[in-house]
A.B. asks: 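Sharing a structure below in structure tokens format, with a few things to ask.
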2 protein chains.
Amino acid sequence: MHTLKELQNRIGEAFGDTRFIHQPTHLYEPIAYTLDQGGKRLRPVLVLLSCELFGGDIEEAVFPAMGLEIFHNFTLLHDDIMDHAPLRRGKETVHQKWDVNTAILSGDTMFVLAYEFVAKTNPKLLPQVLDLFNSTARKVCEGQQYDMNFETQAEVSIDDYMMMIRLKTAVLIACSLKLGAIIAGADAVSADKIYDAGIELGLAFQLQDDFLDAFGDISKFGKTIGGDIATNKKTFLFLKSYQLANAQTRQNLTDLFLGSGTDSDKKISGIIEIYKQLQIDEITRREIEKHHKKALEALTSLNFGKESKGELLSLMDEMLCRER
Amino acid sequence: MHTLKELQNRIGEAFGDTRFIHQPTHLYEPIAYTLDQGGKRLRPVLVLLSCELFGGDIEEAVFPAMGLEIFHNFTLLHDDIMDHAPLRRGKETVHQKWDVNTAILSGDTMFVLAYEFVAKTNPKLLPQVLDLFNSTARKVCEGQQYDMNFETQAEVSIDDYMMMIRLKTAVLIACSLKLGAIIAGADAVSADKIYDAGIELGLAFQLQDDFLDAFGDISKFGKTIGGDIATNKKTFLFLKSYQLANAQTRQNLTDLFLGSGTDSDKKISGIIEIYKQLQIDEITRREIEKHHKKALEALTSLNFGKESKGELLSLMDEMLCRER
């Protein structure tokens, strides 16, 4: 078994070995720029981890794993256009640094690249791998559409929200784990079980992201606190507080949320204050824990040896900022 | 052998049988809207024609053929955003009717759909089919980037232009023919030969499109005359006239081309007048004929019976507006 660190290095090395710049450079430079920023490479590492858990050779999984990472970065690139986001991982977004047309077309090209890497798999497994990737990609698009719809939709329930993050975030985490299983030759039942674990992990991961936006330690989190609040995102925290609030608090929330005149810092601190009053931090932590537990149960049903799944459990803890 | 009409009907029927609207409808309605507009379905018909020419069963080619058509429509959808085009086939473009975000995301989803349909092929052929489709999709993106680059690039040679239309237009025509060949089980050499024929056909087809923009019969062409001129497209006609013009005419061309103050009708008629003086119509016709001939030569080398390739030759004539 490889350690997490070794798997991360293997993915980093694979990206380092790949030349992403071709002609016309104007098309490929934004792709190299996006992929050079690294990020945590969570998804490809999950592919390799799962592949190894099921007894596969990680070398057979490296290219398809890179495909998922390229796809993930493609979705961020296009999402950033749609959200008018100026920054990503502390650097200018592609549509900001170049322009919208460049971001659209470089994104499209990254999407093709993702397919090219996913296709570099054992030909016998290709139909199954491609089916999984296609259905995942479609769901991620659906999730982004729901996310955009929710911005202007008056009533969004917690169930709606969970459905949205399942599509937008969790299915790609689940796909990563299932892809590793398929490449290792796992049977269909086991591949589906690890997919289910991935869904729960993905839900917990997104809720954790929501949580950190309001309650994170800036020095560890690396993002500004309150970004979701400033941009009026209807996160789990907001929806839950709206659900639990009495009429007066609900009015305060709405006023702060929609109050275009409100100073941004005041808005953020005002809303976080309400979250605290309603114990949204504790409620969110419990919700994260619930999904984490479900993910562990799905993994337990797979009967891996305790040692063999140690690295996956570590990564899950890291994703959910849990102390071990 | 099926007639052209029968093949077109088969494709129309296949699109008619497919439900493109799913949840969330805001994502899928623009896709159904785009695909409902029909168009000539040239590319999928070319897939079926080629499949049949090589002795294959067209039913095995219908879904992948639809995949190419969906891909083609996806590229138009995203290109229309980049070109700020208000109309496509006489109807509002998606970004105009909905908005840019919807057009980006529905386009991305169409791209996934294209892959889903392309994947519905004999699993044994999938690696080969997917390689062809991936490399084609990448080239089409590269072609679009060159096309955008040329808008602001001071010097564009005829060679540059031919390279651009090869990528942006011809490779997808060529891919259509090769895809049909692969599905029919053709050998690699024959599949490459029909690909080459497709490249030449595609080049001729794009030059014909350029030609019709200036010299077309409005009633038959269905587009307004001079659209390329009005939007300052550096077409074959423009580049050739610039190459052949003397200093004075070149100055006139540039003044008309860049003269933002010039009335659009005057600009169009002025530039067409110069094209006529320089016999660009005749020169373009000869260039089209040259590529048509090369396409026919590539086909001849494949030794199909004269009767069997009759429908393909008819479609080629139709694409190039040739009287038979």
Side-chain angles (χ1 to χ4, degrees), chain A residues 22-28 71 74-75 78-79 81-84 99-131 133-149 151 163-164 167, chain B residues 22-28 71 74-75 78-79 81-84 99-131 133-149 151 163-164 167:
Chain A
H22 305 274
Q23 293 293 333
T25 51
H26 195 87
L27 183 67
Y28 287 102
F71 171 73
F74 146 70
T75 64
H78 273 194
D79 286 3
I81 309 174
M82 298 183 235
D83 297 341
H84 306 284
D99 52 50
V100 168
N101 282 1
T102 302
I104 294 174
L105 194 59
S106 292
D108 292 345
T109 310
M110 272 179 93
F111 200 1
V112 183
L113 272 176
Y115 274 102
E116 287 184 8
F117 276 86
V118 166
K120 291 183 191 189
T121 190
N122 180 337
K124 278 186 207 155
L125 300 174
L126 185 58
Q128 207 181 338
V129 166
L130 191 59
D131 268 2
F133 184 59
N134 282 335
S135 72
T136 302
R138 186 113 85 90
K139 284 175 184 146
V140 172
C141 291
E142 291 171 359
Q144 167 69 1
Q145 183 66 53
Y146 280 116
D147 197 13
M148 293 200 297
N149 287 353
E151 285 176 24
M163 177 269 292
M164 183 277 283
L167 293 167
Chain B
H22 306 274
Q23 292 294 332
T25 51
H26 195 88
L27 183 67
Y28 288 102
F71 170 72
F74 146 69
T75 63
H78 273 193
D79 286 3
I81 309 174
M82 298 183 234
D83 297 341
H84 307 284
D99 51 49
V100 169
N101 282 1
T102 303
I104 293 175
L105 194 59
S106 293
D108 291 345
T109 311
M110 274 179 93
F111 200 3
V112 184
L113 273 176
Y115 274 102
E116 287 184 7
F117 277 85
V118 166
K120 291 182 191 190
T121 190
N122 180 338
K124 278 188 207 154
L125 300 174
L126 186 58
Q128 207 182 339
V129 165
L130 191 59
D131 268 2
F133 184 58
N134 281 335
S135 72
T136 302
R138 186 114 84 90
K139 284 175 186 148
V140 172
C141 291
E142 292 171 357
Q144 170 67 3
Q145 183 65 53
Y146 281 116
D147 197 12
M148 293 199 298
N149 287 354
E151 284 176 24
M163 178 268 292
M164 183 275 282
L167 293 168

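Lettering of chains follows the sequences in order, A, B, ..., and the numbering in each one begins at 1. Everything numeric here is computed off the predicted structure, so don't read it as measured data.
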A.B. asks: Go through the atoms of A:Asn149 and report whether side chain, backbone, both or neither lie under 4.5 Å from a heavy atom of chain B.
C.D. replies: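 Side chain only.
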
A.B. asks: What's the spacing between A:Gln23 CD and B:Glu142 CD if we round to 0.5 Å?
C.D. replies: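 So the gap between those two atoms works out to 9.0 Å.
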
A.B. asks: Tell me, please, which residues at least two apart from A:Asp83 pass salt bridge (charged side-chain N to carboxylate O under 4.0 Å, His left out).
C.D. replies: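 Here no residue qualifies.
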
A.B. asks: Tell me, do B:Met148 and A:Leu105 make a side-chain contact under 4.5 Å, heavy atoms counted?
C.D. replies: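 They are in side-chain contact.
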
A.B. asks: Quick one: of A:Ile81, A:Asp79, A:Ile104, A:Val100, who has the most non-hydrogen atom pairs under 4.5 Å with chain B?
C.D. replies: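 The candidate making the most pairs under 4.5 Å is A:Ile104.
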
A.B. asks: To the nearest 0.5 angstrom, please state how far the CG atom of A:Asp131 sits from the CG atom of B:Leu126.
C.D. replies: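 Rounded to the nearest 0.5 Å, the CG-CG separation comes to 9.0 Å.
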
A.B. asks: Pairs in or reaching into residues 100-113 of chain A: which pass side-chain hydrogen bond (donor to acceptor under 3.5 Å, both in side chains), with residues at least two apart or in two chains?
C.D. replies: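 Only A:His26-A:Thr102, A:Asp99-A:Thr102, A:Asp108-B:His78 qualify under side-chain hydrogen bond (donor to acceptor under 3.5 Å, both in side chains).
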
A.B. asks: Non-hydrogen atoms of chain B under 4.5 Å away: do they reach the side chain of A:Phe133, the backbone, both or neither?
C.D. replies: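 For A:Phe133, no heavy atom lies under 4.5 Å from chain B.
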
A.B. asks: Using 30° and 60° as the class limits, which term best fits the ring planes of B:Tyr115 and A:Phe111: parallel, tilted or perpendicular?
C.D. replies: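 Correct class here is tilted.
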
A.B. asks: Consider only side-chain N and O atoms of B:Gln145 and A:Tyr28, and report whether a donor and an acceptor are under 3.5 Å apart.
C.D. replies: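 Absent: no donor and acceptor within the cut-off.
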
A.B. asks: NZ/B:Lys120 to CG/A:Asn134 distance, rounded to the nearest 0.5 angstrom?
C.D. replies: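 Rounded to the nearest 0.5 Å, the NZ-CG separation comes to 10.5 Å.
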
A.B. asks: At what distance, to the nearest 0.5 angstrom, does CG of A:Leu130 lie from CG of B:Leu130?
C.D. replies: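 Taking CG in A:Leu130 and CG in B:Leu130, the distance rounds to 5.5 Å.
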
A.B. asks: What option among A:Pro24, A:Ala137, A:Pro127 has the most heavy-atom pairs under 4.5 Å with chain B?
C.D. replies: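 When all of A:Pro24, A:Ala137, A:Pro127 are compared, A:Pro24 has the most.
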
